[in-house]
Amino acid sequence: MPAARESLLDAAYTALARRPWSAVRMVDVAASAGVSRQTLYNEFGSKEGLARALVRREADAYLAGVERALAGAGDPRERLTATAEWTTSAARGNVLVRALLTGCWGARLPAPALTAVPSSAAVPAQRRADGPLPAPGDLVALVRDRAVAALAAPGVPRADTAELARSCELAVRLALSCVTAPPPDEGGVADLVRTALARQPAP
């Protein structure tokens with residue numbers, strides 16, 4: 001991603017942490033990033049385009065964290081537990097990831113339509129941002145499918161892959177339950193996932 005675009009997205013995210021999205025001004029985002037307002041409009045087209053690009057970036061960063069958790073050390077259950085822990089920590093630390101995972105956008109946040117919007121953007125990254133954004137169910141399916149791809153051994157029978165998919169989805173949905181109703185203790189999500197997966201056939 002070009003440096004100016006990334007700086008603008010960083011500035012927009014910082015502005016959102018300080019005030020509701022409705023009060024975030026394009027001129028302030030441009031000034032904070034050290035670029036002209038015209039550069040901002042050239043990159044994103046509009047404030048709605050900026051919102052879509054910001055939401056797309058946070059979704060991509062969340063999914064990149066999922067990939068890192070799945071690529072970590074340990075057996076499949078431990079890697080699924082790490083994925084669940086990443087999901088809860090990402091949602092707690094990033095209001096946009098929380099909104100993406102739960103569908104609860106709130107008045108302070110941008111709430112771009114999740115469906116694709118017509119795009120005339122010259123910037124490829126913006127054309128992608130103008131495409132469909134993931135709904136909560138889409139993210140669950142993406143994480144489940146990436147987990148199956150990362151954890152399934154070559155040549156595993158279809159029935160075993162289906163069982164693995166159920167275990168992967170279970171881990172993600174338990175993590176989401178901890179996002180919306182945090183467990184009372186710090187190790188809660190890991191304990192929940194380990195206990196649930198111990199009752200499932202080995203992934």
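Just so it is clear, the values below take in all heavy atoms, side chains as well, and ignore hydrogens, waters and symmetry mates.
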Keeping [X] on the side-chain end and [Y] on the backbone end, is there a donor-acceptor pair under 3.5 Å?
{"X": "Arg57", "Y": "Arg52", "result": "no"}
{"X": "Arg98", "Y": "Val179", "result": "yes"}
{"X": "Arg144", "Y": "Val172", "result": "no"}
{"X": "Ser32", "Y": "Val29", "result": "no"}
{"X": "Arg79", "Y": "Ala73", "result": "no"}

If Ile, Leu, Val, Met, Phe, Trp and Tyr residues are connected whenever their side-chain heavy atoms lie under 4.5 Å apart, and connections chain through other members, are [X] and [Y] in the same group?
{"X": "Val123", "Y": "Leu8", "result": "no"}
{"X": "Tyr41", "Y": "Val35", "result": "yes"}
{"X": "Val117", "Y": "Met26", "result": "no"}

Would you mind reporting whether [Y] and [X] have side-chain heavy atoms less than 4.5 Å apart?
{"X": "Glu67", "Y": "Leu63", "value": "no"}
{"X": "Glu48", "Y": "Pro110", "value": "no"}
{"X": "Tyr62", "Y": "Val97", "value": "yes"}
{"X": "Pro136", "Y": "Leu100", "value": "no"}
{"X": "Phe44", "Y": "Asp130", "value": "no"}
{"X": "Leu80", "Y": "Cys168", "value": "yes"}
{"X": "Pro112", "Y": "Val55", "value": "yes"}
{"X": "Lys47", "Y": "Arg25", "value": "no"}

Can you see which heavy atom on [X] is nearest to which on [Y], and at what distance?
{"X": "Ala59", "Y": "Pro134", "answer": "CB-CG, 4.0 Å"}
{"X": "Ala190", "Y": "Glu85", "answer": "CB-OE2, 3.3 Å"}
{"X": "Ala51", "Y": "Trp21", "answer": "CB-CZ2, 3.8 Å"}
{"X": "Leu174", "Y": "Leu192", "answer": "CD1-O, 3.9 Å"}
{"X": "Ala175", "Y": "Thr88", "answer": "O-CG2, 3.3 Å"}
{"X": "Ala53", "Y": "Ala129", "answer": "CA-CB, 3.6 Å"}

Partners passing salt bridge (Lys or Arg N to Asp or Glu O under 4.0 Å) against Asp75 (at least two apart in sequence or in another chain):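 Partners of Asp75 by the salt bridge (Lys or Arg N to Asp or Glu O under 4.0 Å) criterion come out as none, since no residue qualifies.
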Apply salt bridge (charged side-chain N to carboxylate O under 4.0 Å, His left out) to residues Arg19 and Asp28 and explain how you reach the verdict. CA-CA 12 Å; Arg19 62 186 72 93; Asp28 296 334; 5.0 Å; no
Looking only at the side chains, is there a donor atom on one of Arg5 and Gln126 sitting less than 3.5 Å from an acceptor on the other?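 There is such a pair (donor and acceptor under 3.5 Å, judged by atom type) between the side chains of Arg5 and Gln126.
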Please say whether the positively charged group of Arg68, taken as NZ for Lys or CZ for Arg, lies over the ring of Trp86, i.e. under 6.0 angstrom from the six-membered ring centre and within 45 degrees of the axis.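 Geometry flag: set, cation within 6.0 Å and 45°.
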Applying side chain to side chain contact (heavy atoms under 4.5 Å, CB included), run through Val24 and Leu50 and close with a yes or a no. CA-CA 11 Å; Val24 172; Leu50 176 61; 5.7 Å; no
Side chain to side chain contact (heavy atoms under 4.5 Å, CB included) between Asp60 and Arg128, worked out: CA-CA 11 Å; Asp60 289 346; Arg128 181 168 180 264; 2.5 Å; yes
Residues Glu169, Arg166; criterion salt bridge (charged side-chain N to carboxylate O under 4.0 Å, His left out); working and verdict: CA-CA 5 Å; Glu169 186 157 339; Arg166 281 191 287 277; over 6 Å; no
